[in-house]
Amino acid sequence: MPNIQLTFPDGTTKEFPHGVTALEVAKSIGPRLAAEALAARVNGRLVDLSSRLEESAPIQLITPNSPEGLEIYRHSSAHLLAAAVLELYPDAHPGVGPATDSGFFYDFYRPQPFTEADLAKIELKMQELVRADLPYERVTFGKDEGLKLFEEKGEFLKCELIREKAEPVFSAYRTGKFLDFCRGPHIPSTGRIKAVKLLSVAGARWKGDEHSHPLQRIYGTAFFNQKELDAHLHQLEEAKRRDHRRLGKDLDLFSIQDEAGPGLVFWHPKGGIIRKEIEDFLRAELLARGYELVYTPHVARLDLWKTSGHANFYRENMFTTMALDDAEYQLKPMNCPGHIMIYKSSRRSYRELPMRLAEFGTVYRYERSGVMHGLLRVRGFTQDDAHIFCAPEQIEDEIAACVEFAKLVLTTFGFERYEVELSVRDAAEPAKYAGAAEDWERAEGALEKTLSRMGIPFKRMEGEAVFYGPKIDVKLIDAIGRPWQLSTVQFDFSLPVRFGLEYVGADGRAHTPLMVHRALLGSVERFFGVLIEHYAGAFPLWLAPVQAVVLPVSEKHLDYARSVAGELRAAKFRAHLDDRNEKLNARVRDAQLQKVPLMLVVGDREAQGHGVAVRRRDTGDAGFRPLAELMGWMRELIDTRAVKW
RNA sequence: GCCGGCGUAGCUCAGUCGGUAGAGCAACGGUUUCGUAAACCGUAGGUCGGGGGUUCGAUUCCCUUCGCCGGCUCCA
């Protein structure tokens, strides 16, 4: 056999004997690389290090530094988990076990539930298998022969997968007692796994189908070293610390109560003031941008929802109807028909377009009982909703303005990074979508062109559009790197037609307007939840429910403290006087735990100089400051909505 | 809705192998008057999530229902 030529990523080419393994190639470069390598990419395909190379090709060794490295490593960790489970629980039947964004999981069918104690046992067994340094052995089978083998082992879930997905000759990987139908590649052996941890067990369904076999999903994560794993676990702790449900209670921002019902939010005074600030900011911006503020009823005749189509395709998400004297009425799950009613209330001219109708519209949606989650998923919520009715030639400017507006909102609330997704239709299935193909083309083109023109990088999501139109979603990234989908800008080709919307054009003829649906916060409740977690409850001055707490050193200083608090309140600051009979230390601690931005200590010295001793929530004692000067500084921070101060 | 776990004082939690419950913090009353993260003493507070069953007796065991938590599915 002639030698083969392998080309490395740096462009150099070396000659190797026919049938050389990827591992031997790595060794020829250096022992360090051979020790680190996890897999290889040959001719664009990921393969095991043990695979034999039989023709000339480009080759790249996958190491922990490669983007694919971690995924392969975690996938192998999932196999390790399954191997450990099969050792301990031979009655468990493996389902699927992929790597995920933050770790891996493996699904098992087993009548008996896994407990926390089982997880600990499994983890110990995994460590044992790591010490045993078992190879990930690749074997290939003919489809019939392989199927028979898995049938004999009683692996009915695997058999189903093989029947559905396997090529005539398919690969499987053996790790100890565990044999998995799997494309690979895998790391060479279990000894390479350095830091792995099981996290939780949860229910799942075979193939995500709720009518299918109930499975138990064991979640875990793996990293290349203990330090990274610890950092990840610390991150999980941090997320827990920021949990808005915890902080909502601790800071007395909101509650959700059994007595009233799940998914229904009570905004307490402190949450309420934050909401007011958010809404005031948005309302001012809406007016400045040519939006008009409207209000629409919370219920309407079911007929309206029949016209809109919601009564049909959105029924499972709506509250049940109420029968009144004259007709069935429906609690609104969306604001669009209301705004359409306003548009339709009179004959519209092209001169009135674009018409931008905005409302903080409270909607009610029936959510299945298991899906509610704090403020992030509720049954009653308020959207910062707006519908823009415009002529086709106005689309691009309107879209650009919406995206620009969304960016302003994100930066105002201290979000520094975001991701944009453009969801377009699946061109192969035109029947799934409402509206003419040419409208879709124009709208998708307009969205894409606008984003490109604005220099905003975006991900194109083929087939992700809703049936009534394409959309742009903005995902913001919070302080600890988690993405949240909030802002959305959507086209709607369906509703203008359903409601027979028109405007009279310059040509004197009737035309159908285009409708854009957009929400920037998405829902005020969800946004608030995200905001709480983003700031970990430590809101910037302009949002803080209590901006400053005045702390008299002793009872002697109460009068002066009262006058300071009074002056602050007269100047429209949210100041609170803590006149409790507690030691200063205790009151400082309470203010600190309540995350009050400014603590103003007043005693003899301060009274004499008509000032306060400022303690900042973040950096502590900041020394004496005359009251007038302090108020000027606070005013500036609040008016500019300063995020950092 | 489904799988698993959990509901004890306002909060965080302990406890009862079946004999109707405790701690810390918070609240309230008093003492203390204090300089940047918890003063001291005292008082009060619970149909042990709701309903049903077994039992002489249930907060404890069983059933059921509501809710919460982790996921699945779905989503602003």
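For A:Val588, counting side-chain heavy atoms from C-beta on, the closest listed nucleotide (B:rU36, B:rA38, B:rG35) is B:rU36. Considering only side-chain atoms of A:Leu584, the nucleotide from B:rC69, B:rU12, B:rU36 that sits closest is B:rU36. Minimum atom distance to the side chain of A:Arg368 is reached by B:rU73, of the listed B:rA76, B:rU73, B:rG70.
When the P atom is used for both B:rC25 and B:rG19, the distance is 29 Å, rounded to whole Å. B:rC66 and B:rC28: their C1' atoms are spaced 33 Å apart (whole Å). The separation of B:rG70 from B:rG15, taken at their P atoms, amounts to 24 Å, rounded to a whole angstrom. Taking atom C1' in both B:rC72 and B:rA14, one finds a spacing of 34 Å when rounded to whole Å. To the nearest whole angstrom, the two P atoms, one in B:rA39 and one in B:rU33, are 15 Å apart. On the P atoms, B:rC68 is 45 Å away from B:rU36, given to the nearest whole Å. Using P as the reference atom, B:rU65 and B:rC56 are 28 Å apart when rounded to the nearest Å.
Residue A:Arg526 places a side-chain atom within donor-acceptor reach of the base of B:rC75, judged by atom type and a 3.5 Å distance cut-off alone. Residue A:Gln594 places no side-chain atom within donor-acceptor reach of the base of B:rA37, judged by atom type and a 3.5 Å distance cut-off alone. Checked by distance alone, A:Gln216 brings no side-chain donor or acceptor within 3.5 Å of a matching partner on the base of B:rG71.
Ion pair A:Arg241/A:Glu238 flagged as a salt bridge, since at least one NZ, NE, NH1 or NH2 atom sits closer than 4.0 Å to an Asp/Glu carboxylate oxygen. Contact check on A:Arg356 versus A:Glu398 returns a salt bridge, with a Lys/Arg side-chain nitrogen under 4.0 Å from an Asp/Glu carboxylate oxygen. Here A:Glu164 pairs with A:Lys207 in a salt bridge; the nearest charged N to carboxylate O distance falls below 4.0 Å. A salt bridge does not link A:Arg589 to A:Glu582: none of the charged side-chain nitrogens sits closer than 4.0 Å to a carboxylate oxygen. Under 4.0 Å is where a charged nitrogen must lie from a carboxylate oxygen, and between A:Lys459 and A:Glu419 no such pair does.
In a base pair of the Watson-Crick type (N1 to N3 plus N6-O4 or O6-N4) or a G-U wobble (N1-O2 and O6-N3), with each distance short of 3.5 Å, B:rC2 is matched with B:rG71.
The interatomic distance linking A:Asp578 (CG) with B:rA37 (P) rounds to 14 Å, in whole Å. Rounded to an integer number of Å, the gap from CD of A:Gln257 to P of B:rG7 is 21 Å.
Remark: ring of A:Phe114 not stacked against base of B:rG4; the cut-offs of centroid gap under 5.5 Å and plane tilt under 30° are not jointly satisfied.
Taking the six-membered ring for Trp and the full ring otherwise, A:His534 and A:Phe413 have centroids separated by 6.0 Å or more.
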Pick out the pairs of N or O atoms, protein on one side and nucleotides 24-31 of chain B on the other, that lie under 3.5 Å.
| residue | atom | partner | partner atom | Å |
| --- | --- | --- | --- | --- |
| B:rU31 | O4 | A:Asn581 | ND2 | 2.9 |

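Pairs of residues two or more places apart, or lying in two chains, that qualify as salt bridge (Lys or Arg N to Asp or Glu O under 4.0 Å) and include a residue from residues 249-270 of chain A are A:Arg246-A:Asp250.
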